[in-house]
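What follows is a single structure, written as structure tokens, with notes after it.
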Amino acid sequence: MLDNFGELKRTHSCGALRGEHVGQSVTLMGWVARRRDFGPLTFFDLRDRDGITQGVFNEETAPAAHARAKEVRGEYVIAVTGEVVERDAAQRNPKIATGDVEVQAREILILNDARTPPFQFEVTSSDGLASEDLRLKYRYLDLRRPQLQANLRLRHRAVAEIRRFMDEQTFTEIETPILIKSTPEGARDYVVPSRLHHGKFYALPQSPQLFKQLCMIAGLDKYYQIARCFRDEDLRADRQPEFTQLDLEMSFATPEQVYALLEGLLARVFKLIGVELPLPFPRLTYAEAMRRYGSDKPDLRFEMELQDLASAVEGTDFAPFAAALASGGEVKGITVRGGGAALSRKALDELQEHAKRYGAGALAWIKLGDEATSSLLKALGEDAVKRVAQAAGAENGDAVLIVAGKSKTVAASLGALRNEVARREKLIPANTYAPLWVTEFPMFEFNDEDGRYYPMHHPFTSPLDEDLPLFERAVEGGETELLKGMRAKAYDAVMNGSEIGGGSIRIHRRDVQRLVFKALGMTEEKARERFGFFLDALEYGTPPHGGIAFGIERLVMLLAGTENIRDVMAFPKTASAADLMIDAPGAIDPQQLDELHIGIAKQ
RNA sequence: GGAGUCGUAGUUCAGUUGGUUAGAACGCCGGCCUGUCACGUCGGAGGUCGCGGGUUCGAAUCCCGUCGGCUCCGCCA
């Protein structure tokens, strides 16, 4: 039998009671986390979002309550009324905040019973967390874990701080539509069929990009939004099909103003976890980041920069190196300091496998132990190997890992290897935050397969002013090769090897916009068809403007110190974009399909 | 689209070279216990070895397929 809740008032949370409350009569409500039954004496750990308080039921002093308490099982929801008493010195529990006191129960109400949970969400050292699919199916139970609750509260505090800050900076929070129109640029769209318009579809926004620019054209001057975004692409540990961005845009803004604003904002947010970010953030151009770190989102918590070994191997007849250099590629390496020379054959094989995943043909290595050993010894000879090691800046005890090939492949594989080696060799200091700006991204990416140029950021990104003449020559003069060198006023905010934000100064001039579309091989008609409303808008007095979008989840992941985006979302999806709790996506009624004029094609 | 890895009791896992009745811990149920806090202790229940097929006298174990979780490449600001 359950008890009626009635008018009973909770007086304190389960994390509130301290020595100062001793003697008070209190009523706590919560879940039974654990029960320790000694017959005439029974202890309960009562849990709510604030913490845990021990309740004591004594047969001698409160026989009715004690008898009732016998019926209680794990995760029952109960209300306990009693007196706060101080624990004897030997009975205090330093592991919980309320451990100096306990509640001597007079009365208990069983507000609800509970089935035995399908898994234990209190993790002890002897057994691990239940499998993720089970926890996702019962997400509302998994969320009872204090760690997940703490993450969600941290996320709330971060978002609240962001709103405060943006308000102080006189930004206006503006909501933009969720049901919009598909644009073929960028990611795959999630699509929603229209009932009123046969055969037509809305798309969910990949980001509020065009709307925020329209806000600038409207003269709203400073816009921001904590915006949900949708992208129908494959998932990763830090990627979900729907996610949240701090999206912002400023009129008359330069990149410097965007950097300053965001640095101020991030400094405020990181203060929430007691971290003082070093201001201003260091900057690297895209070209420099790729050259020195092999990545456009380098992890600056450790060194291990890429070393150019081309001159050290110049003139070699070792085919992989010679071929790479002859065809305009590179030979580069990273130097593993300290323990590098102790890397086992197995470890080197694993690292080679890792590098191959990113397109490297092979991984060459040099180990400077008591004597130099190297996979290149036969091919290059001892002198050349030493020369290479020296060029890499390697000293006794170090190892050099070398990749040769196309610049892109060398960067990708060595960049990935740099992270992997740092992780394995424990070169990454804990509780360290290394933010930076990566600037001057290329305007375009050349696709080898179809021979076309694609925007690296999006087609509304402004070129660098000094590259404009180049741009005109490339597009109007037909020197399309020049497009590869064009730089944009585009920038990413990077922290600890994670891209947490990206933005740009936008094109505000119709003539420049026309050049971009032309460079992308888009006819004026095609552009009109896709973005006509926007091109019209550009002609009514568009201020120079720019902004940035920030991944809230990635930011909170850094704040919470977790590697997985599911740890900072209340109801995440699996790697196959399914929700195991509500069993989404699901089929819909034939009737609903009819209404939408949709038929499902047979496989 | 591709690769790796995992799937055995409610949960986390072990399970030898293919061989008798598939084990442990935690949880659950019952008994005992007045100071525990991962209580202790005694007893008990609990299994479609993800699913389907094959090889074999015999399959949790070997093979093929398939489904699902996770991670990565491709993809994605």
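Residue numbers start from 1 in every chain, and the chains themselves are labelled A, B, ... in the order their sequence lines are given, proteins ahead of strands.
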Exercise. Would you mind classifying the nucleic acid contact of A:N564 as base, sugar-phosphate or nothing, using non-hydrogen atoms under 4.0 angstrom?
Key: sugar-phosphate
Quiz item: B:G7 base to A:D133 side chain: any donor-acceptor pair below 3.5 Å?
Solution: no
Self-check item: Rounded interatomic separation in angstrom, taking CZ from A:F44 and C1' from B:G35
Solution: 15 Å
Quiz item: How would you label the contact of A:Y491 with the nucleic acid (heavy atoms, under 4.0 Å): base, sugar-phosphate, or nothing?
Solution: nothing
Quiz item: Quick one: does A:R35 reach the base of B:C37 with a side-chain donor-acceptor pair under 3.5 Å?
Solution: no
Practice problem: To the nearest Å, give me how far apart CD (A:Q104) and C1' (B:G35) are. | Solution: 11 Å
Quiz item: Touch check for A:H457, heavy atoms < 4.0 angstrom, all strands: base, sugar-phosphate only, or nothing?
Solution: base
Quiz prompt | A:R73 side chain near B:C29 phosphate (N/O to OP1/OP2, under 4.0 Å) | solution = yes
Quiz prompt | Of A:G39 and A:K573, the one whose closest RNA chain B nucleotide lies more 5' | solution = A:G39
Quiz item: Hey, which of A:Q225, A:E249, A:R228 is the one that makes side chain to side chain contact (heavy atoms under 4.5 Å, CB included) with A:P208?
Solution: A:Q225
Quiz item: Roughly how many Å is it from CZ in A:R228 to C1' in B:A77, rounded to a whole number?
Solution: 18 Å
Practice problem: Indicate, with a heavy-atom threshold strictly under 4.0 Å, whether A:E563 touches base, sugar-phosphate, or nothing. | Solution: nothing
Practice problem: Taking only the side-chain heavy atoms of A:T574 (C-beta and beyond), determine which of B:C75, B:G69, B:A77 contains the nearest atom. | Solution: B:G69
Self-check item: A:P118 side chain, from C-beta outward: closest of B:A77, B:G10, B:G35
Solution: B:G10
Quiz item: Counting any heavy atom closer than 4.0 Å, what does A:D232 reach on the DNA or RNA strands: base, sugar-phosphate only, or nothing?
Solution: nothing
Exercise. Mind running salt bridge (charged side-chain N to carboxylate O under 4.0 Å, His left out) on A:E75 and A:R47 for me, showing each step along the way?
Key: CA-CA 9 Å; A:E75 298 307 310; A:R47 182 196 72 234; 2.9 Å; yes
Practice problem: Could you tell me whether A:R231 contacts a base, only the sugar-phosphate backbone, or nothing, with contacts defined as non-hydrogen atoms closer than 4.0 Å? | Solution: sugar-phosphate
Practice problem: Could you give the distance separating B:A24 and B:G47 at their P atoms, to the nearest angstrom? | Solution: 15 Å
Quiz item: Looking at A:R36, does any N or O in its side chain come under 4.0 Å of the phosphate oxygens OP1/OP2 on B:U36?
Solution: no
Quiz prompt | Inter-nucleotide C1' distance (B:A25, B:U8), Å rounded | solution = 15 Å
Quiz item: Expressed in angstrom and rounded to an integer, what is the separation of A:E59 atom CD from B:C33 atom C1'?
Solution: 12 Å
Exercise. Mind calculating the distance between CG (A:N447) and P (B:C75) to the nearest angstrom?
Key: 9 Å
Exercise. Give the rounded distance in Å between these two atoms: CZ of A:F38 and C1' of B:C37.
Key: 8 Å
Quiz item: Using a cut-off of 4.0 Å on non-hydrogen atoms, how would the nucleic acid contact of A:E132 be classed: base, sugar-phosphate, or nothing?
Solution: sugar-phosphate
Practice problem: Record whether the side chain of A:R236 comes under 3.5 Å of the base of B:G74 through a donor-acceptor pair of N or O atoms. | Solution: yes
Practice problem: Answer with yes or no after comparing the ring centroid distance for A:F281 and A:Y259 against a 6.0 Å cut-off, counting only values under it. | Solution: no
Quiz item: B:G30 and B:A45: how far apart are their P atoms, nearest whole angstrom?
Solution: 15 Å
Exercise. Would you classify A:I52 as touching base, sugar-phosphate or nothing, given that sugar-phosphate means primed atoms plus P, OP1 and OP2, and contacts are heavy atoms under 4.0 Å?
Key: nothing
Self-check item: Spacing between A:Q120 atom CD and B:U12 atom P, to the nearest angstrom
Solution: 9 Å
